[in-house]
Structures are given as C-alpha cells and as structure tokens.
Amino acid sequence: MSVPVPDTVDHSVSGTAPGAVAFWLRVALDVPLQGLFDYRADTRVPVGARVIVPFGARQLVGVVIEHPERPALDPRQLRDIILALDDTDPLPEDWLRLASFAAQYYQRPLGEVILPALPAGLRKVSAYLGKRSAGGPVRRMDRRQARKAVEIEADEPPQLNVEQADAVAAIAALREHKTVLLHGVTGSGKTEVYLHVAQQVLARGRQVLFMVPEINLTPQFELSLRARLSAVAGAQALAIMHSGLSDGERLQAWMRVQRGEARVLLGTRLSIFAPMPELGLIVVDEEHDVSYKQQDGLRYSARDLAIWRAHDRNVPVVLGSATPSLETWNHAESGRYLRYTLGKRAKAAEPPALRLVDTRRLAMEQGFSPQLIEAMERRLELGQQSLVFLNRRGYAPVLNCGSCGWVSQCTRCTAYTVMHRGRGRFNLLQCHHCGYQARVPRACPDCGDQDLKPMGRGTQRVEEYLAERFPQARIARIDADSTRLKGSAAALFAQVHAGEVDILVGTQMVAKGHDFANLGLVGVLNADAMLFAQDFRAPERLFAQLMQVAGRAGRHAAGGEVIIQTDYPDQAVYQALVRHDYHGFARYGLAEREAVGLPPFAYQALLTAEARELPKSLEFLARARGLPAENPQAFPEAGAVTLYDPVPLRVVRVANIERAQLLVESHNRPVLQRFLTQWTAALPELARELRIRYNLEVDPLEI
Ligand code: ADP
Ligand code: ZN
Ligand code: ZN
C-alpha cells in the first residue's frame with residue numbers, strides 16, 4: 001500500500017532549507033470534508049501512524065494513509081506536522097483496508113471513519129500537547145497496568161451431540177474464508193460450537209473475534225470464554241470491548257489485541273474495528289440482531305463488515321442465530337454460505353410449548369389474561385421463574401385527562417410523553433425521543449381538572465401490578481431505566497441467575513441470548529404493537545424477537561411454556577411461531593420480498609434530511625432527487641436506480657427538528673454504489689445552499 005518515498009526533495013520546489021530532508025504525508029482527519037490532507041514531515045512517518053497536524057487554527061490527530069509521490073498542493077503551501085506519535089504501533093495495513101472499504105461502502109470521508117474508530121485516548125490532541133499530558137495516554141496506561149493473575153477454574157465441557165460435533169469438525173477444518181451460518185434453535189448449544197471451534201483456532205496460534213449484539217450479554221460469554229479458553233490461550237488472553245468501558249479500559253483492550261497479547265476479543269459492534277494482527281476466526285452471535293447496525297455517525301453493519309473483513313483476511317466467519325436475517329438465509333439457501341443446523345435443544349430435548357391466548361373476548365386484568373396469571377401461579381408453586389416480556393418501558397405510554405381529552409405531548413417532538421414513576425415524590429413525564437423531562441402536572445393544563453389518568457402500561461406499571469397480585473413473589477424489572485447505573489444490569493442478571501428472583505419483568509434487554517436455568521414460563525404482553533408497523537421488516541423482526549424471548553423458557557428442563565397474548569391469533573407470524581416454523585416463515589417472507597422486489601432482492605439507501613421546518617427538508621430531498629435529471633452525464637447509473645418520493649418521517653419532529661427521507665433502490669449493488677458516490681459528491685453543496693443537515697444510510701434496516 002505504501003509508495004516509496006523520495007529521500008530528498010528538490011529544494012527549490014519544497015522551499016526547505018538546503019540540506020534538509022522532507023517527507024510528504026497524506027493524512028486522514030476527522031473533518032466533514034471529502035479527501036485527505038497533505039503535510040510535510042522531517043522524519044519518515046510510516047503509513048498507519050498517527051500524527052498531530054495543524055488544521056486551520058486547530059490541531060488535530062490524524063492517521064497517515066500514504067506517502068504521495070507529489071503533494072496535491074504546491075509544496076510551498078504544505079504545513080509541517082506538529083508531532084509524529086510513536087507510542088503505538090502503526091495501524092496495520094489490513095485495518096486501513098477495512099476502514100477504506102467502510103468509508104467507500106457507507107459513503108463517508110475516510111477520516112470520519114478512521115478517527116472515530118480509535119479509542120478516545122489515541123485521537124485526543126490534549127493527551128499529547130496539553131500542559132498536563134504526562135507522555136501520552138498509552139505510556140500512562142502501561143505504568144498503571146498492574147497485572148492481576150486471576151485464577152479461573154476451567155470447567156468440564158459437555159459431550160457434544162452429533163449435530164454440534166459435525167458443525168465443529170466442519171468449521172474448524174476450514175483453512176480459508178467461508179461465511180458459515182450456524183442455524184440453531186434457541187438452547188441448541190451454539191455457544192458450545194463457537195467455543196470448540198475457537199479452541200482449535202487459538203491452538204493454531206491465531207486470534208478470535210467474538211461479537212455479541214448486547215453489552216449485557218458480555219458477562220455471560222466472558223465467563224464461558226475464560227473458563228474454556230484459558231487452557232489454550234492463557235488466563236490473560238481475553239479482552240473485552242464495548243461502549244460501557246472507560247476510555248482507559250477501552251484503550252487497554254485495544255492495545256492488548258493489537259500487540260497480540262490478547263488472543264480473544266469479546267465485544268459489541270464497535271469491536272469490529274479492533275486491530276487483530278493474527279485474526280483467525282470471527283464469530284457473530286445472533287447475527288440477525290439490529291443492534292449490529294450503528295445508528296448514527298458511520299451507519300455501518302458490524303455483521304456485514306465482519307463478513308468483509310473475514311473475506312479480506314481469508315478466514316472463516318460464523319454467523320449464529322435461531323432466526324437468521326432473511327438476507328443471510330437467502331445466501332444459505334443459494335449455497336453461497338455454508339450452513340450447519342442444530343435442530344434440537346442441547347439440554348431440554350423439547351422446545352417450549354407455545355400458546356396463543358386470544359384476548360379479544362377475555363376479561364383482562366391490567367393487561368393480563370386469566371390464563372397467563374394462572375400459568376404464573378403454577379410456576380411459583382413449582383419454584384420456577386417466570387418472565388413477563390413487554391417492550392415498553394416507563395409506567396404508561398401517555399397521560400390523559402378524563403374530562404377534556406388532553407394528552408401528554410412533548411412540546412419539541414411529534415410524540416407523546418411517557419409517564420414514569422419517579423424515585424422521589426414526583427412522577428415524571430419523559431419524552432423517549434428527545435429526553436425532555438418534566439413533573440407530572442397536578443391538574444390538566446387545559447381544563448384544570450384533576451382527573452389525569454395513565455393510559456396503557458409499561459414495565460413499571462406491570463411490575464407494580466404483579467407486586468400486588470403476587471405479594472409472596474420476588475419481582476425484578478430489567479429495562480433501560482432500572483439498569484442506568486454502571487454495573488446494575490450485571491447485578492440484576494446475576495440475581496436472576498442465582499435464583500433470587502421469581503418473576504422477571506423486562507423489555508428486549510432480557511429477550512436475547514441469556515441462558516436462564518430455572519425459567520419455566522414466558523408471557524408476552526402487547527406483541528400486536530409491532531404487527532402493523534409500516535416497515536416491511538416488521539414481521540421478520542417480530543418473529544425473531546418472539547422466538548428469542550420464547551427461547552428463554554425451559555432451557556435446562558422439560559416443560560417450558562410460552563404464552564403470547566394477542567388480538568390477532570390468525571396472523572401468519574403467530575401461526576409460524578406456534579409451529580416453531582422458521583423455515584416456513586422464511587420461505588414465505590423471501591417469496592413475498594422477491595415478488596415485490598425488496599431486499600435481499602434489491603439494495604437500498606436512505607437519505608434523511610433535517611431542518612427546522614419540514615418543507616425545507618422536503619425541498620432538499622426533492623432537489624437531491626432532481627440532480628440526475630439536471631445533469632445526466634454526471635449520473636450514468638441513474639437509469640438503473642429508483643429514487644422514490646420524499647416523505648416525512650413517521651415521527652416528523654424530534655427536538656424541534658423536522659425530518660423527511662428519500663429511499664433509493666436498485667437491483668444491482670455495484671450500480672447503487674456507483675450512483676451513491678456520484679450523488680454524495682453533489683449533496684454537500686446543495687446542503688450548504690439550503691442550510692440543511694442530512695445523512696445517508698446504506699442498507700438501512702428501518703424505513
Ligand atoms: P443457544 O446459544 O444455542 O441458545 P446455549 O449455547 O446457551 O444455546 O446452550 C444452552 C444450554 O445447553 C447451555 O446451558 C449449555 O451449557 C448447554 N449445552 C450446550 N451443549 C450441550 C451438550 N452437548 N450437552 C449438554 N448441555 C449442553
Ligand atoms: Zn383536561
Ligand atoms: Zn421530545
């Protein structure tokens with residue numbers, strides 16, 4: 001990748017003092033401008049190294065991308081770098097390739113990909129040039145790093161069943177890139193397969209990247225990985241990376257994997273950007289999970305980047321799921337991905353019994369059917385745990401005046417404010433879109449009546465009701481509110497695992513991946529909320545989510561039971577669920593998508609505009625849509641790309657910003673890519689003219 005650098009530069013051109021040696025560097029910076037920036041240095045700074053450079057009046061950390069043969073500017077105008085940072089090894093070439101691919105594919109300037117991917121300590125100028133910078137964060141870290149030799153008890157691995165053993169043998173034998181789908185029903189022991197394959201890869205002296213969708217799943221996996229892999233890789237060989245770490249911890253993990261000290265990296269989506277010189281395997285657990293998609297900045301899919309990276313490094317990548325995304329399933333069906341199936345549960349032989357309770361004619365009590373209450377009573381008698389799943393946090397989704405019909409609304413968003421029970425004396429109204437928060441008023445702001453009622457229910461209200469209904473039971477609630485403090489989620493999950501909880505109420509946070517040993521019953525409230533969503537992926541997501549949460553029941557013992565309350569028991573999604581029929585659901589779903597030309601049979605991008613007023617957002621999108629017609633030569637691909645009409649977002653206004661979006665679609669991915677590159681070159685000017693903010697998302701998951 002690096003270009004040979006001339007040792008000396010023609011003095012008359014460079015303007016350097018006679019006899020001096022100069023080097024040209026092309027540097028990526030985190031600034032919202034396309035392109036790279038050229039500087040001069042008097043030492044040879046390698047590609048991948050970080051430098052501090054002047055940029056306007058500012059000083060920024062940048063990364064050297066190449067040594068240009070000649071600078072883009074007149075060399076006399078080149079500025080000198082301020083400092084070359086050598087406290088870490090340069091970023092490896094393959095890391096730079098990954099970043100370049102991501103920048104190109106997601107249509108962002110390279111610097112806006114590279115710098116944010118680094119741990120904060122490596123991209124802050126103040127760490128190096130500030131008054132109190134004691135020689136850089138890396139050296140500080142090294143001094144602080146007191147090695148604790150934690151003794152981990154190796155646990156006895158279970159005997160693999162035939163399906164697991166076949167999958168392990170086949171995957172571990174791969175010596176080149178393959179994308180492997182491990183399709184295993186919930187509780188089928190996918191983790192065991194990952195661990196066995198990882199063991200063999202580690203034994204060959206390679207590193208393993210292990211990705212999970214949720215930060216809360218890391219402790220459980222950390223335990224298994226420590227117990228099982230320390231024998232092959234050493235007790236210190238595990239590094240963890242997720243957004244809950246301090247800057248120092250994140251930096252330390254980064255350094256340890258880059259130096260090869262850590263052999264296994266366990267992390268959430270951001271770990272895809274960790275430098276791993278000896279990468280030998282990537283595992284993406286719950287590959288269908290939307291959490292792998294970054295929702296701001298560089299809107300990347302860590303799952304898709306994992307596949308690209310594994311291909312680039314010529315190593316296997318294993319995608320695990322009970323409910324693969326239809327994109328992945330399509331590739332498995334067509335034979336492009338290898339597929340291994342774990343068809344039955346590893347411990348409890350049977351899957352949980354799934355029951356739909358038709359709630360249309362039932363006398364419900366606080367959202368609970370008599371059937372669900374009775375089932376919970378039975379589990380309490382058996383000494384087993386129950387999980388009540390409701391994907392809505394807070395006490396009630398809206399507050400309503402019984403006399404005049406007033407409803408609590410956010411003044412800054414087109415959304416209701418959600419009632420929350422406060423810790424102190426006051427209840428709160430909270431906007432889940434912008435974070436606005438206020439006390440619940442004593443009386444109706446419109447008519448002064450004191451008859452304000454919470455409408456509907458969230459997890460807090462369910463918890464309150466269950467505490468009244470089952471006074472003898474120990475109840476815990478796990479959602480974003482109850483786990484706000486660092487460590488509180490881990491503590492709550494530990495209580496559940498330790499059997500200190502009888503009834504667990506939770507949002508999607510509890511649905512994923514957890515291996516609860518004593519959980520017999522799962523009850524699902526308000527599943528219908530997702531049934532009629534606009535998004536074409538809504539049924540797929542509902543199916544996956546319900547399958548996931550249902551999969552928490554009866555994992556270690558027979559007799560697991562799932563009750564889904566619904567007003568629409570005949571819907572195809574529910575019928576497929578009751579039959580545990582992923583195959584049927586996927587076949588039907590793919591056929592439908594193919595018939596109307598939706599992903600994975602088409603490729604999409606979404607341009608979103610944000611302005612004070614909706615008309616301005618719509619105007620920007622309309623003008624952006626018109627660009628190809630105005631200048632056909634600049635858009636040779638436009639004929640094979642569909643640009644839909646701009647439309648307001650469902651929640652139009654958030655924090656006083658009004659948003660609209662435009663969908664771009666093509667049946668050919670390279671065509672779409674080329675079109676987007678041409679298009680995004682023209683958008684900044686249009687945005688400046690209309691004074692608007694916009695973002696482009698490639699492969700959007702929510703439309
Ligand atoms: P999945 O990720 O597929 O939902 P897990 O990997 O969590 O399932 O496995 C479910 C449970 O089965 C775990 O408690 C695990 O230890 C256990 N298990 C896995 N494989 C075996 C096996 N071959 N024999 C016995 N128990 C197993
Ligand atoms: Zn009123
Ligand atoms: Zn708001």
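If you're wondering where the values come from, they're calculated on a predicted model, not measured in any experiment. Numbers here are sequence positions counted from 1. In listed order, ligands and their atoms are each counted from 1.
Residue contacts with ligand 1 do not include Gly184, since none of its heavy atoms lies under 4.0 Å from the ligand. The shortest heavy-atom distance from His556 to ligand 1 is under 4.0 Å.
Atom CG in Asp289 sits 11.5 Å away from atom OG1 in Thr268 (nearest 0.5 Å). Taking CG from Asn656 and OG1 from Thr411, the interatomic distance works out to 7.0 Å, rounded to the nearest 0.5 Å. Considering CZ of Arg439 and CZ of Phe426, their distance stands at 3.5 Å, rounded to 0.5 Å.
Between the Zn ion (ligand 3) and His433 there is no N/O/S contact shorter than 2.8 Å. Within the 2.8 Å limit, His432 places no N, O or S atom next to the Zn ion (ligand 3).
A cation-pi arrangement is present between Arg339 and Trp329, with the terminal nitrogen or guanidinium carbon under 6.0 Å from the aromatic centre and inside a 45° cone about the axis. Cation-pi geometry between Arg412 and Tyr436 is not met at under 6.0 angstrom from the ring centre and within 45 degrees of the axis.
Only the backbone of Val185 comes within 4.0 Å of ligand 1, counting heavy atoms alone; no side-chain atom from C-beta on gets that close. Residue Arg345 does not touch ligand 1, judged by heavy-atom distances below 4.0 Å. Residue contacts with ligand 1 for Ser188 involve both N, CA, C or O and side-chain atoms from C-beta outward (heavy atoms, distance under 4.0 Å).
Nearest to atom 10 (C) of ligand 1 by heavy atom, out of Gly187, Gly320, Ser224, Ala165, is Gly187. In the candidate list Ala517, Pro158, Ala322, Pro158 is nearest to atom 24 (N) of ligand 1, counting heavy atoms.
Vertex the Zn ion (ligand 3); arms to Cys431 atom SG and Cys413 atom SG; angle 110° (nearest 10°). For Cys401 atom SG and Cys404 atom SG, the angle they make at the Zn ion (ligand 2) is roughly 110°, to 10 degrees.
If you number the atoms of ligand 1 from 1 as listed, the ones under 4.0 Å from a heavy atom of Gln159 come out as 22 (C), 23 (N), 24 (N). Atoms of ligand 1 found under 4.0 Å from any heavy atom of Asn161, numbered from 1 in the order shown, are 23 (N).
Geometrically, ligand 1 and Thr186 share no nitrogen or oxygen pair separated by less than 3.5 Å. Checking only distances, Gly189 does come within under 3.5 Å of ligand 1, N or O to N or O. For ligand 1, the polar-atom distance check against Ala346 finds no nitrogen or oxygen pair separated by under 3.5 Å.
Nearest heavy atoms, Glu287 versus Ser325: OE2-N, 2.7 Å.
Under a 3.5 Å cut-off, the side chain of Arg552 and the backbone N or O of Ala511 do form a donor-acceptor pair. No donor-acceptor distance shorter than 3.5 angstrom exists from the side chain of Asn400 to the backbone of Val407, with no hydrogens or angles considered.
Side-chain contact annotation: Gln385 with Arg379, donor-acceptor N/O pair under 3.5 Å absent. No donor-acceptor contact under 3.5 angstrom links the side chains of Thr341 and His183, judged on distance only. A side-chain donor-acceptor contact under 3.5 Å links Asp515 and His556.
Among all non-hydrogen protein atoms, the one lying nearest atom 2 (O) of ligand 1 is Thr191 OG1, 3.5 Å. What sits closest to atom 14 (O) of ligand 1 on the protein, heavy atoms only, is Asp515 OD2, 2.5 Å. Nearest to atom 7 (O) of ligand 1 among the protein's heavy atoms is Arg555 NH2, 3.0 Å. When only non-hydrogen protein atoms are considered, atom 16 (O) of ligand 1 lies nearest to Lys347 NZ, 3.9 Å. Remark: minimum distance from atom 20 (N) of ligand 1 to any protein heavy atom is reached at Gln164 NE2, 3.0 Å.
By the 30° and 60° cut-offs, the orientation of the rings of Tyr194 relative to Phe210 is perpendicular.
The pair Lys616-Glu658 does not meet the salt-bridge criterion, since no charged nitrogen lies less than 4.0 angstrom from a carboxylate oxygen.
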